[in-house]
Amino acid sequence: MEDLFGKLTLQALPHEWFTIGGAISMTAGGLGAILLLTYLKRWKWLWTEWLTSTDPKKIGVMYITVAVFMLFRGVLDAVLLWLHQVLAGGGQGYLTADHFQQISTAHGVIMVFFVAMGLLFGLMNIIVPLQIGARDLAFPFLNSLGFWLYVAGAILINIFFVFGGEFAATGWLAIAPLSGLEFSPGVGVDYWIWSLQISGLGTLIGGINFIVTILKMRAPGMTLMRMPLFVWTTLCSMILVVSVFPILTMTIILLNLDRLLGMHFFTTGFGGNPMMYTNLIWMWGHPEVYILILPAFGIYSEIVATFSGKRLFGYTTAVVAVVAVTLLSTLVWLHHFFTMGADANVNAFFGIMTMIIAIPTGAQIFNWIATMYKGKIRLTTPMLWFLGFVATFTFGGMAGVMLAIPPIDYQVHNSLFLVAHFHTMAIGGALFGLFAGISYWFPKVFGFKLNEKLGQYAFWCWLVGFFTSFVPLYILGFMGVTRRLDTYDPSTGWQFLFLISLLGAGIIALGIGFQLLQIAVSILKRKENQNTTGDPWDGRTLEWSTSSPPPSYSFAVIPTVDDRDAFWTMKQAGKPISKPIFVDIHAPKNTASGIYISAFALIIGFSLVWHIFWLTVLGFLGVIITVIVRTFNDDTEYTISASEIAKNEEKRGIYG
Amino acid sequence: MSIKPTLLLLISLLFLIVILVVFFITTQDVALLNPKGYIAQKQFELIKFAVFLGLFIIIPVFSLTFFTVWKYREENKDKNFFPSFGNDSKMQVIFWLIPLIIILVLTIITWKYTHLLDPFKSVASEKPPIVIQVVALRWKWLFIYPEQGIASVNFVQFPKKTPVQFKLTADEAPMNSFWIPKLGGQMYAMTGMQTQLNLIADSREEFSGSAAEISGAGFGKMRFTAKSSTEEDFEKWVNETRSLGKELTQYEYDKLLKPSEGNPVEYFSIYDDLYNVILAKYQPQNGSQINHYNHTNY
Ligand code: HEM
Ligand SMILES: [Cu+2]
């Protein structure tokens with residue numbers, strides 16, 4: 001019996017307040033959802049309309065939904081951490097050092113892998129096919145699989161509340177040798193390993209899918225240099241994914257071999273080399289931050305052009321800038337460990353490479369300003385997010401350039417200054433961009449706009465809250481405060497700044513409150529903000545040429561593109577659209593295979609965390625059998641008949 | 001929200017932040033802005049320089065952005081909407097040139113200062129550097145003075161105006177990072193490796209030092225005091241420590257190897273070249289490493 005469950009024993013069940021709390025709230029939430037669905041008799045609807053769907057627009061919405069739930073978790077973690085740090089200034093916080101470090105690790109992992117990446121993949125799923133005039137991604141089934149692997153990773157990172165009560169206490173990159181068995185004997189790091197491994201696989205699959213889609217499935221006439229900038233940035237970001245996620249996967253495999261089989265890749269003794277881990281993880285880790293920021297650049301480009309009523313200024317240089325950033329971002333990883341004792345030549349080289357990234361980035365910011373110049377600027381919520389981005393990102397960029405000068409970095413590495421830098425980039429850059437994108441494309445997906453007023457309140461709370469909470473961190477960094485500090489002496493006088501910072505977190509929480517309210521109010525009053533044309537913002541790119549929400553087949557007839565800003569030129573030409581001849585469309589059927597495979601992957605991950613090896617074998621068998629069954633299933637498409645499409649399209653009344 | 005109050009709010013917010021920040025950093029003892037040694041001093045100068053250059057980009061970007069939004073906002077009737085404006089190649093060149101020039105300047109500075117402030121390079125001085133070997137343990141810092149024959153835990157003293165050469169390694173501990181903000185920073189301490197950090201203190205003072213890299217439960221309390229004193233004080237302290245401190249035998253060292261949080265300051269006299277023994281422990285050809293996972297047994 002002992003062996004049957006590996007290391008999983010009764011002691012592993014929750015018995016500390018924070019795991020019990022987590023377990024109870026998760027169970028209650030889950031039960032609540034189940035009861036509600038049963039009561040509303042929505043199970044079948046959920047399964048057929050959503051969970052098994054291969055429609056990228058629906059998968060996108062599911063990605064965003066999961067990411068938003070993870071955002072709640074991540075913010076809750078952050079508030080717990082901040083509160084502790086404030087209280088620690090009075091002598092004693094309420095968390096043990098170990099809990100504190102676990103929460104801070106979980107916070108980072110969740111925000112990067114499950115919030116930012118989730119929102120990103122969500123938006124890309126919804127928008128990229130529409131922008132290139134494609135009905136679907138190249139591999140619809142893989143898309144569904146990628147999403148469900150992401151969900152499996154998200155589940156795995158949360159179930160430690162119930163099983164084991166312990167997460168990695170190693171920092172979000174599980175830096176070695178701290179993450180080795182010698183210093184982290186518990187299951188926490190194993191949860192980290194497997195949740196990243198599984199969701200990382202999903203990311204990689206998604207990356208390949210988007211690259212193929214963008215390269216192969218563009219509408220006729222859409223040359224590479226006519227692609228909207230969001231498509232370009234997605235392409236570059238996904239090329240980075242495909243280039244560097246395998247490094248992450250391999251690194252984690254090696255770490256896992258150390259832990260599971262007692263090997264010595266990254267251990268302190270027996271020829272292991274922890275510095276190798278540091279190098280490998282940052283070879284992935286630095287490009288990862290650009291994977292997040294590049295699509296945000298794309299989103300801003302779309303928004304600025306639309307709301308200025310102008311073409312993007314300097315499109316070609318913008319593309320050059322994006323490609324340059326992509327290439328350069330793979331050549332700078334060493335700036336994360338200037339302090340590991342490299343030669344001055346090496347440090348200087350990597351410092352300079354890093355700073356060079358600021359050139360295309362800076363040029364791009366000027367391009368956006370020039371796009372607004374002589375435009376007709378509408379200050380809608382998405383536009384406000386963009387302006388907020390300019391304000392925060394330039395600051396963060398300056399901090400980044402400081403960090404890129406090795407002698408300065410020696411002084412602020414691993415300090416709260418660094419923490420402030422990357423939160424400025426990740427929140428003010430990536431997250432603001434994703435929020436901008438969500439408010440911009442929301443009416444496309446749901447057919448009504450989000451409430452403007454509440455959106456703007458939310459924005460102001462985020463912006464003010466952001467500065468309130470992170471400016472103090474820059475100063476604290478200069479005062480010599482290191483990151484992830486669970487305790488400090490009251491005599492240091494740091495508490496005051498931590499308190500201001502917590503206040504800022506409160507303002508941000510208020511902003512999140514407004515966002516939730518915004519969604520609720522917008523749904524309740526959707527009649528008022530309804531958009532029937534499919535083009536609520538006077539848009540420029542192809543996604544606005546479809547109805548809102550778009551039909552499952554997106555485009556009744558694949559459009560022909562003859563310029564950049566394809567939809568805008570069509571509108572300018574102003575000729576009535578003659579009624580086309582509709583033909584049958586073949587669309588991918590729903591499939592549950594992705595769900596099954598991911599469920600088995602979850603079982604594999606879970607069983608490897610706990611060393612329940614018979615279960616691992618079953619999990620692998622499950623995956624293999626599902627894949628085989630899926631492979632022999634030829635009946636994966638269905639036909640939408642021409643008459644059905646004609647009937648549907650007539651309703652839009654756009655044909656002259 | 002219409003643009004006027006918005007803009008007012010923004011500008012006043014910006015001013016408020018700037019005033020508060022300036023007030024705070026001038027009235028408080030902000031370590032990096034109050035450097036107490038040559039290295040930290042130079043690093044501070046670099047910080048000032050980088051901020052100054054950064055403002056060259058931030059101020060134009062901010063003012064251009066807000067000017068443009070203000071001028072070309074939809075409500076403003078007296079501006080000229082010119083939608084086809086979009087490919088002015090002169091402007092594009094300028095857009096690339098501005099950051100290019102700034103980064104070029106920074107590149108030169110970076111190259112120069114990275115070599116000048118190379119942590120492995122002794123600080124120039126008439127006096128020869130004093131060597132202090134530092135071992136990151138779980139979770140305390142062990143300082144070994146090979147020439148003086150003493151060792152201390154979580155406390156390090158050295159004469160002012162004398163270059164200090166810290167040689168860093170770790171033993172049975174995760175990677176750590178050694179940092180004395182007021183003197184300059186930071187260098188990793190890793191098992192089986194030796195890194196260096198050369199610093200100097202200008203005045204007599206007690207500095208606080210920390211472990212900057214997460215290394216497990218006791219990492220937050222892994223702090224130490226670095227005291228720079230007069231030459232005589234230092235001699236006195238060395239002599240006292242040598243005569244009063246207990247001998248750092250293998251037994252005592254094994255006790256230090258056991259994880260402890262918030263370890264108090266301790267003083268030792270040392271028996272042999274402990275530091276190199278520690279380093280050698282991790283050399284692959286050295287059999288002694290076999291013991292190193294179960295040190296607690298002997
Ligand atoms: C102008 C562009 C940028 C420059 C010059 C820059 C520079 C740097 C440098 C030198 C570091 C290492 C500092 C250290 O560890 O001591 C760093 C850390 C970091 N940066 Fe940036 N950065 C830039 C843009 C970004 C962007 C766009 C993001 C994210 C969206 C980002 C996210 C991060 C993160 C997450 C870390 C630290 C992670 C960690 O240590 O846990 N940076 N940056
Ligand atoms: Cu980086």
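Predicted model, so just to flag it, every value in this text is computed and none were measured. Values below: every heavy atom of this structure, side chains too, minus hydrogens, waters and symmetry copies.
Ranked by heavy-atom pairs under 4.5 Å with chain A, the first of Leu100(B), Asn34(B), Ile180(B), Ile94(B) is Leu100(B). When Lys453(A), Met275(A), Gln411(A), Lys376(A) are compared by the number of non-hydrogen pairs under 4.5 Å with chain B, Gln411(A) comes out ahead. The candidate with the highest count of non-hydrogen atom pairs below 4.5 Å against chain A, out of Thr68(B), Thr195(B), Ile214(B), is Ile214(B). Interface remark: of the candidates Leu168(B), Leu53(B), Ile58(B), Ile58(B) forms the most heavy-atom pairs closer than 4.5 Å to chain A. In terms of heavy-atom pairs under 4.5 Å with chain A, the best-connected choice from Tyr113(B), Tyr188(B), Phe219(B) is Tyr188(B). Contacts with chain A were tallied for Ile57(B), Val51(B), Ile39(B); Val51(B) has the most, counting heavy-atom pairs under 4.5 Å. Of the listed residues Ile102(B), Thr65(B), Leu104(B), Asp29(B), the one with more heavy-atom pairs under 4.5 angstrom with chain A than any other is Thr65(B).
With a 4.5 Å cut-off on non-hydrogen atoms, Asn367(A) touches chain B through its backbone and its side chain both. For Ala173(B), the part sitting under 4.5 Å from any heavy atom of chain A is the backbone (N, CA, C, O) and nothing else. Of the two parts of Met175(B), the backbone and the side chain both hold a non-hydrogen atom closer than 4.5 Å to a non-hydrogen atom of chain A. Proximity to chain B is absent for every atom of Met383(A), based on heavy atoms less than 4.5 angstrom apart. Using a 4.5 Å cut-off between heavy atoms, Leu387(A) contacts chain B through its side chain alone, with no backbone atom that close. For Tyr488(A), no part lies near chain B; criterion is any non-hydrogen pair under 4.5 Å. Both the backbone and the side chain of Leu46(B) come within less than 4.5 Å of a heavy atom of chain A. For a residue to count as touching a neighbouring chain, one of its non-hydrogen atoms must lie under 4.5 Å from one of that chain's; by this rule Met479(A) touches chain B with backbone and side chain alike. If you measure heavy-atom distances from Ser308(A) to chain B, the contacts under 4.5 Å come from the backbone alone. Looking at Ala176(A), the atoms closer than 4.5 Å to chain B (heavy atoms on both sides) all sit in the backbone: N, CA, C or O. In this structure, chain B has no heavy atom under 4.5 Å from any part of Thr468(A). Contact annotation for Trp96(B): both backbone and side-chain heavy atoms come within less than 4.5 Å of a heavy atom of chain A. Looking at Leu116(B), there are no atoms closer than 4.5 Å to chain A (heavy atoms on both sides), in backbone or side chain. Within the 4.5 angstrom heavy-atom criterion, no atom of Pro472(A) approaches chain B. Of the atoms belonging to Trp568(A), not a single heavy atom falls under 4.5 Å from chain B. When heavy atoms are compared at a cutoff of 4.5 Å, Phe49(B) does not approach chain A at all. Using a 4.5 Å cut-off between heavy atoms, Ile103(B) touches chain A through its side chain atoms alone. Neither the backbone nor the side chain of Ala189(B) comes within contact range of chain A; no heavy atom of the residue lies under 4.5 Å from a heavy atom of that chain. The contact between Leu497(A) and chain B is made entirely by side chain atoms (from C-beta outward), counting heavy-atom distances below 4.5 Å. For Val390(A), the parts lying near chain B are the backbone and the side chain together; criterion is any non-hydrogen pair under 4.5 Å. Contact annotation for Ala391(A): both backbone and side-chain heavy atoms come within less than 4.5 Å of a heavy atom of chain B.
Geometric assessment of Lys310(A) against the ring of Phe313(A) yields a negative cation-pi assignment under the 6.0 Å and 45° thresholds.
Taking the six-membered ring wherever Trp is involved, the centroid distance between the rings of Phe350(A) and Phe338(A) does not fall below 6.0 Å. Between Phe389(A) and Trp368(A), the ring centre distance stays below 6.0 Å.
With no hydrogens or angles considered, no side-chain donor-acceptor pair links Gln186(B) and Thr339(A) at under 3.5 Å. The closest side-chain donor-acceptor pair between Asn345(A) and His115(B) falls under 3.5 angstrom. In this model, no donor atom of one side chain and acceptor atom of the other lie less than 3.5 Å apart for Asn176(B) and Glu213(B). Between the side chains of Asp171(B) and Tyr282(B), at least one donor N or O sits under 3.5 Å from an acceptor N or O. A donor-acceptor pair shorter than 3.5 Å cannot be found between the side chains of Asp98(A) and Gln101(A).
Annotation for Phe120(B): atom CZ counts as buried by contact number, over 12 foreign heavy atoms lying within 6.0 Å. In Phe56(B), the CZ atom is not crowded: 12 or fewer heavy atoms of neighbouring residues, nucleotides or ligands sit closer than 6.0 Å.
The side chain to side chain contact (heavy atoms under 4.5 Å, CB included) check on Tyr474(A) picks up Ala399(A), Phe417(A), Ala420(A), Thr424(A), with sequence neighbours excluded.
Side-chain contact check for Ile365(A) versus Phe393(A): some heavy-atom pair is nearer than 4.5 Å.
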